[in-house]
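Just below is one structure, and these are the notes that go with it.
In what follows, every chain begins at residue 1, and chains take the letters A, B, ... in the order their sequences are listed. As a basis for the values below, the full set of heavy atoms in this structure was taken, side chains included, without hydrogen atoms, waters or symmetry mates.
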Amino acid sequence: MPELPEVETVARDLQPLILGKSITEVWWSGKKMRLPWTNSWDRALEGLIFTKVSRRAKWLVLHLAERGAGWDWTGGSALIAHLGMTGQLTFVRRGKEYELPKDHVHLRFGLVSSGKKANGLNEGLRRDFEAGELRFRDIRRFGGMAYAKDSAEVDLFFAKHRLGPEPWDCPLDGWLGALSGTKRLIKAVLLDQSVISGVGNIYADESLHAAGIHPCRMASSFNEAEGAKLLEMADSVMRKAIENRGSTIRDYVGGENLNGGHQNSLLIYGREGEACFRCGILVKRFVVAGRSSHFCPVCQKAPKDAGAKPVRQRRGPA
DNA sequence: ATGCAGTCCTGTAAGC
DNA sequence: TGCTTACAGGACTGCA
């Protein structure tokens, strides 16, 4: 499930692979995605050159320039992608297409080297100028891609989605204000992209565990130290996950179709019934804020009025 | 205005 | 063995 660290890994992988390449053709499966593709974008994209790959929260931004535009130019048009739950955005070298799964592929962008010498383009990043295709694959189609024809449209797109700051950009006073000003459980607040962006279910559980806070705590019950601690843990948990190239629970792959490595470092998510690494007590799982939530009943003390719905224990093999 | 439940979507695996 | 059903969850919609 791609969250900020997974999307950051895709961005870092893709940048050197597609930088300086131009789009020769666009193919769409015709299947409806969460972010609906529009046929008329195909013609507009042909001939455009990738100049930069960036990320905002869980969104990927593939910046494009018109042929002849300055190489250091990063404004202008862009392809914006969200990976949803099972989205994969990878660069596939020509001739290697059939080494990768071809089911559930919804968008393919044919790419060739622009043939231009780089003026100001970081030579170190251009390690590969082979032709190939940028491929969007998404089993559940909760993700999708959109084209924004200029920087104003890119800005409008992100304004519409009302993304809050990422953990490392989140001012403490704003965060504490958001906690005190809501009647929601802390788990729901962590997952609210307009309050703090980039955190999904996995890293919300990891952050709460690292901070020793139960997911059913009312956000408004936090004192300053608790709020600061949680923000600090969200920051460090995400940074470590980025270092490990994200977590592959099932379908996530980076921009080079490689699995992440952080799934082996998760301390609480997916560990129901296993011993807490800190205290040895068995990890529990409840549905909180409509999401499966993993926590340690000792390290993360439950509030007296915890109102989570118990989840039926999954039986292992007989 | 606020918060919650329901919805989408398909592969996987539990359970009968 | 084979079928049915529950589950995974990001972001949005609709309702109370």
When the distance from CG of A/D103 to P of B/dC9 is rounded to whole Å, what number comes out? 18 Å
List the steps and the verdict of ring-ring contact (aromatic ring centres under 6.0 Å, His included) for A/F157 and A/W59. CA-CA 11 Å; A/F157 184 93; A/W59 295 88; 5.0 Å; yes
Rounded to whole angstrom units, what separation is found between the NZ atom of A/K160 and the P atom of C/dT13? 9 Å
Between C/dC12, C/dA8, B/dC9, which nucleotide gets closest to the side-chain atoms of A/M85? C/dA8
Does a nitrogen or oxygen in the side chain of A/R140 sit under 4.0 Å from OP1 or OP2 of C/dA11? no
Quick one: is B/dA1 close enough that its OP1 or OP2 comes under 4.0 Å of any side-chain N or O from A/K183? no
For C/dA11 and A/H82 - does any side-chain N or O of the residue sit under 4.0 Å from the phosphate oxygens OP1/OP2? yes
Distance test, side-chain N/O of A/Q193 to OP1/OP2 of C/dG10, below 4.0 Å: no
Whole angstrom is fine here: how far is it from CG in A/L191 over to P in B/dC4? 12 Å
Regarding A/R245 and A/D13, does a basic nitrogen lie under 4.0 Å from an acidic carboxylate oxygen? yes
Identify whether any heavy atom of A/R184 sits under 4.0 Å from a base atom; if not, whether one sits that close to sugar-phosphate; answer base, sugar-phosphate or nothing. sugar-phosphate
Give the rounded distance in Å between these two atoms: CG of A/L185 and P of B/dC4. 6 Å
Send over the distance from A/L83 CG to B/dC9 C1', rounded to a whole Å. 16 Å
Want to settle it: does A/R291 or A/R141 sit nearer the 5' end of DNA chain B, counting the closest nucleotide to each? A/R291
Check whether any side-chain N or O of A/H161 sits under 4.0 Å from OP1 or OP2 of C/dG10, and answer yes or no. no
In plain terms, say whether A/D103 and A/R137 are close enough for a salt bridge, that is, a side-chain N and a carboxylate O under 4.0 Å apart. yes
Salt bridge check, A/R239 against A/E243: does any charged N sit closer than 4.0 Å to a carboxylate O? no
Take the protein atom NE2 of A/H106 and the nucleotide atom P of B/dC9, then report the distance between them rounded to whole Å. 11 Å
Ring centroid separation A/H63 to A/F50 under 6.0 Å: no
Could you state the OH-P distance from A/Y269 to C/dG10, rounded to the nearest angstrom? 8 Å
Mind calculating the distance between CD1 (A/I196) and P (C/dG10) to the nearest angstrom? 15 Å
Identify whether any heavy atom of A/T182 sits under 4.0 Å from a base atom; if not, whether one sits that close to sugar-phosphate; answer base, sugar-phosphate or nothing. sugar-phosphate
